[in-house]
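Since the model is a prediction, treat every value here as computed from it, not as a measurement.
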Amino acid sequence: MAAMVMLSSMMQLTACKDSTRENPLLTESNLPFGAPDFSKIEVSDYLPAFEAAIKQNREEIAAIVENKDSATFENTILALEESGKTLDRVSAVFFALLEADKTPELSETEKKVKPMLTELENDISFNKQLFERIKQVYDREYQILQGEDQKLLDETYKAFVRKGALLSDEKMARMKEINMRISELQTEWGDMLTNATNDAVVWVDKKEDLAGMSDADIAQCAKDAESRGKKAPYAIVIVNTTQQQPLACLDNRDLRRKIFEASVHRADGTGKYNTYPIVVEMAKLRAEKAELMDFPNYAAYSLDDTMAKTPDNVYSFLRNLISKYTPKAEAETKVIEDYARQTMGADFQLQPYDRFYYSAKMKKEQLDLDDDEVKPYFNVDSVLVNGVFYAANRVYGLTFKERDDIPVYHPDMKVFEVVDKGGKTIALFYCDYFRRPTKRGGAWMDAFAEQSRQRQQLPIIFNVCNSAKAPEGQPSLLTWDEVTTMFHEFGHALHGMLSDCQYNRLSGTSVARDFVEMPSQFNESFATIPEVFDHYARHYKTGDPMPIDLKERMLKSINFQTAYALGENLAATCVDLAWHMLSSSAIPTVENAPAFETDALEKVGLLNAQIPPRYGTSYFNHVWGGGYAAGYYSYLWTEVLAVNIADVFAQRGPLKPETGQDFRDKILSRGNTGDLMQMFTDFTGMQAPDATSLLKARGL
């Protein structure tokens with residue numbers, strides 16, 4: 001019967017609106033590794049592809065449930081692991097474009113697709129017959145199975161339990177409703193925040209108002225104005241974080257104020273966009289979801305399957321950092337304000353839109369350095385090839401061959417074949433580094449296909465960033481933050497590309513949230529290793545390496561007044577946790593939501609007008625649109641792990657292939673196939689992470 005079901009399903013999969021044309025999303029691509037063929041995919045393909053793939057997935061689940069044989073690892077757990085491959089392929093392509101090149105047509109498709117996917121997930125998660133088979137295998141075979149088979153069984157069983165498989169019928173029905181509504185809200189959130197951020201652009205009429213900006217940045221403002229309807233000759237685009245890069249250079253204080261206010265108020269209802277109704281409803285639904293699962297709040301529920309385990313452990317970690325950070329932050333603010341008063345007068349009151357400006361002036365004065373002096377040495381192509389790829393070659397033996405023959409979804413993308421030291425191709429890597437109105441803010445890594453020996457699938461990985469693309473004929477130059485972002489996201493990419501796991505569910509970055517950021521944060525350390533830095537930091541015109549004196553000043557500047565960066569991260573982390581520590585009855589009203597954020601920061605000693613959260617509640621996409629609810633702390637948590645690992649590399653020799661191979665064998669290749677803390681211990685020799693290293697690494 002199962003064979004007949006599959007045959008029927010596959011016949012339907014190849015059907016689409018145009019009977020003369022196969023839907024390219026429903027047939028395996030002939031490109032290397034089965035890479036998506038963007039030269040054939042049309043927007044109209046997505047909805048019928050989802051409909052057909054979902055139907056096939058339902059049939060696959062039905063075949064498992066209706067199997068008359070006793071439940072075994074092979075006919076239940078492995079069959080479940082192998083189900084949904086077509087849906088995985090369609091989803092990977094669609095959601096990649098939804099994040100990186102979201103057209104109105106894709107947005108409309110999303111509104112139809114998200115409920116379908118949520119309904120499918122609900123139907124699988126709460127399928128009592130399916131769970132009964134899973135439980136039978138868990139009870140009979142868990143102690144017998146070994147290695148990845150045992151881990152796959154454990155993760156599968158616990159995932160069903162966490163989603164509510166043991167709930168009563170009444171509670172299960174309510175959980176389904178909550179999941180569906182949260183899915184709808186996240187779609188609304190994504191649309192509204194993208195529109196709000198694009199609408200928050202600050203228009204500038206006169207070039208003289210941009211005094212302090214480099215000629216290249218002014219040209220970029222003109223280009224941004226052109227691409228956004230040219231309501232004025234120049235446009236300053238708002239990016240995802242609270243602070244904006246132009247605040248460090250613009251002499252015009254009133255323009256700095258407008259930019260800052262446009263950023264913090266982009267979605268709080270002071271303009272035409274207000275995300276607070278979405279925030280409040282989603283927070284209440286998450287809290288109710290946790291309560292259905294017998295947790296006091298969503299933070300406790302969310303942290304239950306992480307390294308941190310409990311909110312108390314996270315708060316203990318944060319309080320330790322806050323106590324050491326606070327005096328450093330206060331001293332840093334006083335130094336900057338005193339410096340500003342030297343020119344602005346004794347009664348000058350430093351504002352958050354002044355801080356970066358005067359800090360940059362201090363850096364220029366004390367270190368004789370500004371961003372415009374170093375940016376010519378950070379050409380995006382050199383950073384990628386001579387920095388990111390070079391480090392990966394030295395440490396892991398990888399080489400990267402550009403492939404012009406593989407179609408991409410946007411002309412700005414590049415594709416590379418990744419070849420291991422033995423000459424074997426192990427992955428495809430796509431990169432998409434330049435911002436555009438259809439791309440959401442931030443930077444990320446994801447996969448068109450994850451590695452799996454079971455599926456005979458090699459990884460197809462991509463990185464996305466939001467750097468400015470220079471006007472035609474000019475080089476695209478990066479800030480230091482953008483350089484480290486490229487190294488960071490490539491650390492995630494390595495975690496995916498070097499994966500060597502049997503099962504798709506366990507491979508690559510399929511690890512706990514407070515572990516997944518470790519490889520990426522660790523990979524940032526290669527950006528400053530002298531041999532690597534000298535290899536990529538070369539002048540875009542002459543190819544000359546950065547002069548020694550400038551290099552020393554630039555590297556010294558990395559830890560110049562770093563209390564701010566730690567403070568904005570701590571504040572955002574505590575805002576996230578505060579929302580998710582509430583019971584469903586304690587969620588504030590929409591009107592009180594801004595005050596709730598203020599009160600939450602005051603309670604932990606982080607209410608500081610000079611150092612606002614990196615993301616305010618109303619534009620905190622990690623939390624309301626992404627997968628980091630009650631989990632933003634993981635960036636700081638994993639930074640500790642990353643610093644500890646970087647120390648081990650430094651002791652053994654940071655570019656030694658033997659060290660890289662050891663790290664690859666014990667962590668990068670293993671995905672979620674073992675205990676994550678044990679992996680950390682196996683590589684470092686440490687029984688527990690050492691948090692004191694973080695402050696030292698940040699120069700605090």
Side-chain angles (χ1 to χ4, degrees), residues 2 56-57 60-65 67 69-89 91-92 120-121 123-166 304-307 446-447 449-461 495-516 519 627 664-680 682:
Q56 181 191 16
N57 198 188
E60 291 164 342
I61 299 301
I64 297 171
V65 170
N67 192 325
D69 296 335
S70 296
T72 65
F73 178 81
E74 287 74 17
N75 70 22
T76 301
I77 305 303
L78 191 55
L80 184 60
E81 164 71 7
E82 284 296 276
S83 69
K85 286 194 287 188
T86 303
L87 183 57
D88 287 347
R89 181 171 66 243
S91 296
L120 174 67
E121 183 179 0
D123 289 347
I124 294 174
S125 299
F126 301 116
N127 186 317
K128 290 186 176 183
Q129 293 170 291
L130 177 62
F131 179 66
E132 182 57 34
R133 291 184 67 89
I134 293 169
K135 189 175 186 304
Q136 287 172 9
V137 179
Y138 187 78
D139 291 342
R140 294 172 189 159
E141 300 189 36
Y142 180 75
Q143 298 299 333
I144 302 171
L145 295 171
Q146 295 180 345
E148 291 188 47
D149 290 352
Q150 186 185 67
K151 183 67 171 176
L152 178 65
L153 173 58
D154 190 51
E155 290 292 321
T156 302
Y157 175 77
K158 289 179 179 178
F160 271 76
V161 172
R162 275 186 59 78
K163 289 177 180 178
L166 296 175
D304 187 54
D305 67 344
T306 65
M307 293 182 74
D446 213 325
E450 295 171 330
Q451 179 271 332
S452 167
R453 292 197 301 270
Q454 180 70 27
R455 294 186 176 186
Q456 298 182 318
Q457 177 66 59
L458 291 175
I460 308 174
I461 307 298
H495 202 181
M497 292 188 292
L498 297 180
S499 176
D500 184 16
C501 303
Q502 182 70 15
Y503 301 118
N504 180 76
R505 182 185 178 87
L506 303 177
S507 71
T509 57
S510 302
V511 297
R513 206 169 37 202
D514 53 5
F515 191 82
V516 75
R664 178 175 177 174
D665 290 342
K666 291 175 178 174
I667 294 181
L668 291 182
S669 67
R670 296 193 59 199
N672 192 30
T673 60
D675 181 83
L676 299 176
M677 184 59 77
Q678 188 60 51
M679 290 183 194
F680 173 81
D682 289 345

Inter-residue atom distance E148.CD - C501.SG, 0.5 Å rounding: 5.0 Å
Heavy-atom side-chain proximity of T156 to Y138 below 4.5 angstrom: no
Check against side chain to side chain contact (heavy atoms under 4.5 Å, CB included), M679 and K666: CA-CA 6 Å; M679 290 183 194; K666 291 175 178 174; 6.0 Å; no
Minimum heavy-atom distance between S499 and G508, given as atom pair plus value: OG-N, 2.9 Å
Residue pair L120 / L87, side-chain heavy-atom distance below 4.5 Å: yes
Evaluation steps, side chain to side chain contact (heavy atoms under 4.5 Å, CB included), between I77 and Y157: CA-CA 9 Å; I77 305 303; Y157 175 77; over 6 Å; no
Nearest heavy atoms of A447 and A92, plus distance in Å: O-CB, 3.7 Å
Check: R455 side chain, E450 main-chain N or O, donor-acceptor pair, under 3.5 Å: no
Minimum-distance pair of heavy atoms, taken over all atoms of R670 and G674: NH2-CA, 3.9 Å
Side-chain touch T86/E60, heavy atoms, less than 4.5 angstrom: no
Approximate separation, where rounding is to 0.5 Å, of D500 CG and R453 CZ: 5.0 Å
Flag side-chain contact, heavy atom, 4.5 Å: E121 against K163: yes
Spatial distance of atom CD (Q451) from atom CD (Q502) [nearest 0.5 Å]: 8.5 Å
Heavy-atom check, side chain of N504 versus side chain of E81, under 4.5 Å: yes
Gap between atom CD1 of I64 and atom CG of L78 - 0.5 Å precision: 9.5 Å
4.5 Å side-chain heavy-atom contact, S510 and E155: no
Under the side chain to side chain contact (heavy atoms under 4.5 Å, CB included) test, residues paired with R162 that sit two or more places apart: Y301, D304, D305
Ring center gap for F126 and F160 short of 6.0 angstrom: no
Sub-4.5 Å side-chain heavy-atom contact between M677 and M307: yes
Polar side-chain atom of S669 near backbone of R664 as donor-acceptor pair, under 3.5 Å: yes
Spacing of R505 atom CZ and L80 atom CG [to the nearest 0.5 Å]: 7.5 Å
S70 backbone acceptor or donor facing N75 side chain under 3.5 Å: yes
For the student: nearest non-hydrogen atoms of I667 and H495, plus distance: O-NE2, 4.4 Å
Over all atoms of both residues, closest heavy-atom pair of L668 and P519: CD2-CB, 3.8 Å
side-chain hydrogen bond (donor to acceptor under 3.5 Å, both in side chains) against N67, all qualifying residues, sequence neighbours excluded: none
CD (Q678) with more than 12 external heavy atoms under 6.0 Å: yes
Close side-chain approach of D123 and I61, heavy atoms under 4.5 Å: no
Spacing of OG1 belonging to T72 relative to CD belonging to Q136, to within rounding of 0.5 Å: 10.5 Å
Name of the residue among K158, K151, Q150 meeting side-chain hydrogen bond (donor to acceptor under 3.5 Å, both in side chains) with D154: K158
Steps toward side chain to side chain contact (heavy atoms under 4.5 Å, CB included) verdict (T673, Y503): CA-CA 9 Å; T673 60; Y503 301 118; over 6 Å; no
